[in-house]
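Chain letters run A, B, ... following the sequence lines, proteins first and then strands; every chain starts at 1.
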Amino acid sequence: MTATLSGLMRLYVWHMKLSVSRAMIYRFDFLTGLFISVLVSGLGPFVQYLFFTQTRGYPGWTIHEILLFQGVLLLWLGIRDTLFGAIRGSVMDMVWKGDFDRLLLKPYPPIGVLLCSGFQLSGIGSLIAGALFMGYSLSKLHPHLTAVSYLQLIVAVLGGVILFMAITVLYCSIVIMLVQMSRISEMLDRITDFGNYPANIFPLILKTVMVTVLPFALWGFYPAQILLGRADGMLWSAAGCSIVLFGLSVVVWNRCLRNYTSAGG
Amino acid sequence: MRIFLKAIQMNLKMFIAYPKGFAISIIIFPFVLLLNIYLFKSIYAYNGTSHIKGYDLSQMIWYYAVTTFVWVFTFNFADRRMANYILSGQMGTMLLRPMSLFRFELANAIALRITGVLFEFVPNMIVYWLMYPPAFLTWTSFGKFLAIIAMAFCLHFLINYLIGLSALITQNNGGVTAVKGALVVLLGGSLIPLDFLPGWLQRICDALPFKYIFYEPIRFFINHPDTQSGSAFVQVLLIQLAWILGLYAACRAVWALLIKKVVVAGG
């Protein structure tokens with residue numbers, strides 16, 4: 001188990017180096033992509049700003065608090081896209097062309113190899129934009145952080161990463177079963193996009209769903225609430241649920257893999 | 001024309017070969033509608049108003065639902081496919097086909113959208129209708145929407161094709177595609193109704209084609225008061241037609257200019 005994990009970590013680093021080299025081949029595209037990514041990442045906060053200036057906004061949130069929320073969200077999106085951004089495209093491509101079968105012959109579990117091939121350098125655009133927005137809003141809000149707050153932040157970030165890994169594993173399971181579905185990625189994004197809104201503006205039943213069954217609140221809502229000093233105890237249950245979801249996704253993956261009957265070629 | 005229809009048929013067979021995938025949208029899209037209903041109910045209640053920027057609650061919920069439908073009617077991969085042809089070295093084979101790349105890509109986009117409309121729009125429209133009936137919708141507004149969305153499809157395809165041509169210079173056009181995506185969603189009105197944008201930005205949107213892909217078709221669907229006159233309908237159709245002709249001419253000119261410089265490599 002330890003040997004497998006350390007082997008997968010080495011594989012991840014190797015993929016990381018490859019991804020950087022690949023990005024450097026089309027330098028112009030990478031640099032424009034990075035610049036554009038920073039600008040495009042600003043769209044979310046811009047839309048929220050427009051919404052807040054044209055209406056009364058969301059209950060319980062001021063404009064600076066919502067900008068902090070957006071900054072945290074962008075930072076999270078940056079982490080997510082940098083660590084795992086390439087997985088969706090590569091798994092779809094591999095299954096479509098029949099290359100996925102090669103993974104079954106490798107000495108590591110196929111899902112581990114897939115998760116280790118997700119590094120995408122262009123994700124740092126969102127990281128930069130998120131850091132800028134967070135820096136700006138924190139300078140206006142002056143939060144007071146304690147040791148517990150830092151612990152909560154670590155739990156929220158780790159829980160968020162595990163939740164995203166669970167969603168990615170489920171995505172890969174669907175792809176190997178259905179083979180071709182061009183807009184599945186967009187559809188999944190449409191659901192996870194609800195994590196882009198503060199969970200407490202939804203009715204209680206939906207808020208409960210967002211901190212338990214589908215704990216999207218770990219991505220933006222809880223880190224922002226922690227920084228604002230108003231996180232509740234449901235953070236722990238959300239983190240716990242993300243681990244359970246990851247376990248479930250691996251079970252689903254194994255079942256789909258058993259029924260996998262190759263495609264493409 | 002016969003080859004073009006054959007290409008559509010061939011692509012249709014390819015997309016229909018995997019029907020299970022479409023079933024997923026019937027589960028996911030209604031869930032998204034449900035979340036939107038709760039989200040906007042909460043926002044409208046907090047704002048204590050029946051209208052925000054001229055949209056009542058029902059129209060605002062449907063605005064975002066129809067955004068999904070516009071994607072279903074107009075989405076195509078021409079931009080990414082063209083870059084892939086260059087990167088994989090397939091461009092050479094494409095140039096040897098008995099039909100132009102433009103017509104082949106158009107056939108692919110039409111086939112993709114026929115399957116999208118049949119397997120995504122029709123079932124989802126029925127489910128949405130049952131979940132949150134659109135009291136504002138009339139046969140006339142729906143008919144106008146269909147005419148406007150057909151033109152929006154052509155516009156979206158031509159923009160993507162033009163972006164795809166940029167791959168002849170940059171090889172990998174991911175950056176340009178990202179810019180186009182951002183412009184389409186923000187200045188087209190897919191992220192937020194254009195009525196929320198400041199006046200100067202709305203004027204820029206008026207001078208660009210993107211609002212004729214999303215904002216105008218959606219407004220016709222939700223039967224916005226500004227779209228109820230016949231003259232408004234004709235005006236939008238004419239503007240769309242002008243953009244289509246302009247973009248088609250641009251595609252032809254750029255192709256004629258760049259095809260002489262294309263180097264087929266890769267693999």
Residue B/Ile52 versus chain A: region with a heavy atom under 4.5 Å: side chain
Heavy atoms from other residues, nucleotides or ligands near CZ of A/Arg56 exceed 12 (cutoff 6.0 Å): yes
Contact origin within B/Ile37 toward chain A - heavy atom pairs under 4.5 Å: neither
B/Lys53, part contacting chain A, at a heavy-atom distance under 4.5 Å: side chain
A/Phe35 atom CZ: more than 12 heavy-atom contacts under 6.0 Å: no
A/Arg102, CZ: over 12 other non-hydrogen atoms inside 6.0 angstrom: no
B/Ile192 portion near chain A, given a 4.5 angstrom heavy-atom threshold: side chain
Heavy-atom side-chain proximity of A/Val47 to B/Leu186 below 4.5 angstrom: yes
Euclidean distance, B/Leu197 CG relative to A/Leu50 CG, rounded to 0.5 Å: 6.0 Å
Taking every non-hydrogen atom, the tightest pair across B/Tyr46 and A/Gly57: CD2-O, 3.3 Å
Heavy-atom proximity to chain A below 4.5 Å, by part of B/Tyr64: backbone
Gap separating the CG atom of A/Leu206 from the CG atom of B/Leu39, nearest 0.5 angstrom: 9.5 Å
CZ (A/Phe52) with more than 12 external heavy atoms under 6.0 Å: yes
Where A/Leu43 and B/Ala182 come nearest, the two heavy atoms and their spacing: CD1-CB, 3.9 Å
Crowding at CD1, A/Ile205 (>12 non-hydrogen neighbours, <6.0 Å): no
Interchain contact, A/Ile201 with chain B, by part (heavy-atom threshold 4.5 Å): both
Heavy-atom contact with chain A under 4.5 Å, split by part of B/Phe31: side chain
Side chain, backbone, both or neither of A/Tyr197 within contact of chain B (heavy atoms, under 4.5 Å): side chain
Per-residue contact mode, A/Phe46 against chain B (heavy atom under 4.5 angstrom): side chain
Shortest non-hydrogen contact from B/Leu35 toward A/Phe202: O-CE2, 4.0 Å
Least distance between heavy atoms, A/Pro203 atom then B/Tyr38 atom: CG-CD2, 3.3 Å
